[in-house]
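Owing to the predicted nature of the structure, the values given are computational and were not obtained by experimental measurement. Indexing begins at 1, ligand by ligand and atom by atom, following the structure's order. The figures here come from the full heavy-atom set of this structure, side chains too, leaving out hydrogens, waters and symmetry mates.
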Amino acid sequence: MDIKITLAGPEQRKPIPRDGNTLGFGRHFSDHFFLMDYAPERGWFDPRVEPYHKLSLDPATMVLHYGQQVFEGMKAYRGADGGVYLFRHRKNFERLNRSCRRLVIPELDIDVLEQGLRELIRVDQEWIPTSEGCALYIRPTVIATDPVLGVRPSDTYLFYIIAGPVGAYYPEGFNPISIYVSDKYVRAVSGGIGEAKTAGNYAASLAAQQEARKKGYSQVLWLDAKERSFVEEVGTMNIFFRINDELITSPLTGSILPGVTRDSVIQIARSWGVKVSERMLAVDEVFDAAQKGSLKEVFGAGTAAVIAPVKKFHYKDRDIQVGDGRSGELSQRLYKYILDLQYGRIEDPFGWRTRIL
Ligand SMILES: *Cc1c(COP(=O)(O)O)cnc(C)c1O
């Protein structure tokens, strides 16, 4: 497919933030974005790169009322050799299409998405940060655009990809977080939209997140909606527990987002000979393990943080301390290995890395 490219003029260009320590996350966006439209008679059409600009939407636009939307989150990395790399990006596009199916949005051609992403990154390559641990965060998004009220799938859609530099997740080192186990709110139910990356799931999570923050915890651990006893996810990450020598994560039961990082962790750990189980894990089993001293490490896994070690849980009126409160040995090893893969510092036995520039 031909992608039309309109470059930003000098007056439309923004200064590129260069200081990796002050980048933060999701606050800066590059000079261009990639777009495509959908109409029933034409399918997805008019793939193009344009100068970054505001969208003009009718106040009745469907996505603003009924949340028919899906998105993705991935990164481009400036490698040790000066090259630019993507990491398992086609897996993100496959998941985007699965989310589309759940939200009744027409699927996209993955080759076109890849081509659009490559063009955007080529045009805005100056925006990829070079400091250690920094990357270009990429946010593909689809929104329903019919300017009509009424609950039904939209006929028209807009797809776009915005990108922007993000800082290292741990500017002060690999620090474990404290998490709050929510017994009042749930994130998603099996049969609902929890396994799709769609706006409504995050709207549903805000109240619990705010409550956790107020109490001094940085993330929420979600339990299953039905029994409120099995662990599911932490914030916007999948979660792993090491109990003695078994690494446990929740199975993909329908209410859990199938993370790319989750899958990478499972495959890497298995390749190292670690026993990995995808099984239901009751929060009581976690408490028992902690009491017996067999809860060795806990960490979240997701694109933004890669690995987020956990030092403490709070559930009802109990506290669980994880290991000795410092980041665990397996967490550290996985974190370093995944970053080395992503930045092209080591061989890639899994074939996950794609050099695009
Ligand atoms: C995006 C996301 C994850 C992590 O997925 P990755 O592909 O590893 O980034 C986990 N849980 C939720 C709810 C998410 O939105």
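Summarising the contacts of atom 15 (O) of ligand 1 with Tyr202, Phe71, Trp222, the nearest heavy atom is found in Tyr202. Among Gly259, Ser264, Pro258, the residue whose heavy atom sits closest to atom 5 (O) of ligand 1 is Gly259.
A salt bridge does not link Arg345 to Asp81: none of the charged side-chain nitrogens sits closer than 4.0 Å to a carboxylate oxygen. Salt bridge annotation for Asp224-Lys226: absent, with no cationic side-chain nitrogen under 4.0 angstrom from a carboxylate oxygen. Salt-bridge formation is detected for the pair Asp263/Arg88: a Lys NZ or Arg NE/NH1/NH2 atom is positioned less than 4.0 Å from an Asp or Glu carboxylate oxygen. Classification of Arg13 and Glu126 as a salt-bridged pair fails, no side-chain N sitting under 4.0 Å from a carboxylate O.
Under the 3.5 Å distance criterion, with hydrogens and angles disregarded, no donor-acceptor pair is assigned to the side chains of Glu50 and His32. If you check the side chains of Gln68 and Tyr157, you find a donor sitting under 3.5 Å from an acceptor.
Residue contacts with ligand 1 for Asn238 involve both N, CA, C or O and side-chain atoms from C-beta outward (heavy atoms, distance under 4.0 Å). The residue Met74 has no part lying near ligand 1, judged by heavy-atom distances below 4.0 Å.
For ligand 1 and Val260, the ligand atoms under 4.0 Å from any heavy atom of the residue are 6 (P), 7 (O), 8 (O). Atoms of ligand 1 found under 4.0 Å from any heavy atom of Thr303 (numbered from 1 in listed order, with element): 6 (P), 7 (O), 8 (O), 9 (O). Heavy-atom proximity to Arg95, at under 4.0 Å, picks out these atoms of ligand 1: 5 (O), 6 (P), 7 (O).
Atom 12 (C) of ligand 1 has as its closest protein heavy atom Glu233 OE1, 3.4 Å. Residue, atom and distance of the protein heavy atom nearest to atom 8 (O) of ligand 1 are Thr261 OG1, 2.6 Å. The protein heavy atom nearest to atom 2 (C) of ligand 1 is Lys197 NZ, 2.6 Å. Looking only at heavy atoms of the protein, atom 3 (C) of ligand 1 is closest to Thr236 O, 3.2 Å.
The two atoms that bring Ala301 and Phe240 nearest to each other are CB-CE1, 3.9 Å, heavy atoms only.
Under the 30°/60° scheme for interplanar angles, the aromatic rings of Trp352 and Phe350 are found to lie parallel. Ring geometry for Tyr335 against Phe174 counts as parallel: the plane angle stays under 30°, on a 0 to 90° scale with 60° as the upper cut.
In this structure, Lys91 does not count as a contact residue of ligand 1, since none of its heavy atoms falls inside 4.0 Å of the ligand. Assignment of Arg187 to the shell around ligand 1 is supported, since a heavy atom sits closer than 4.0 Å.
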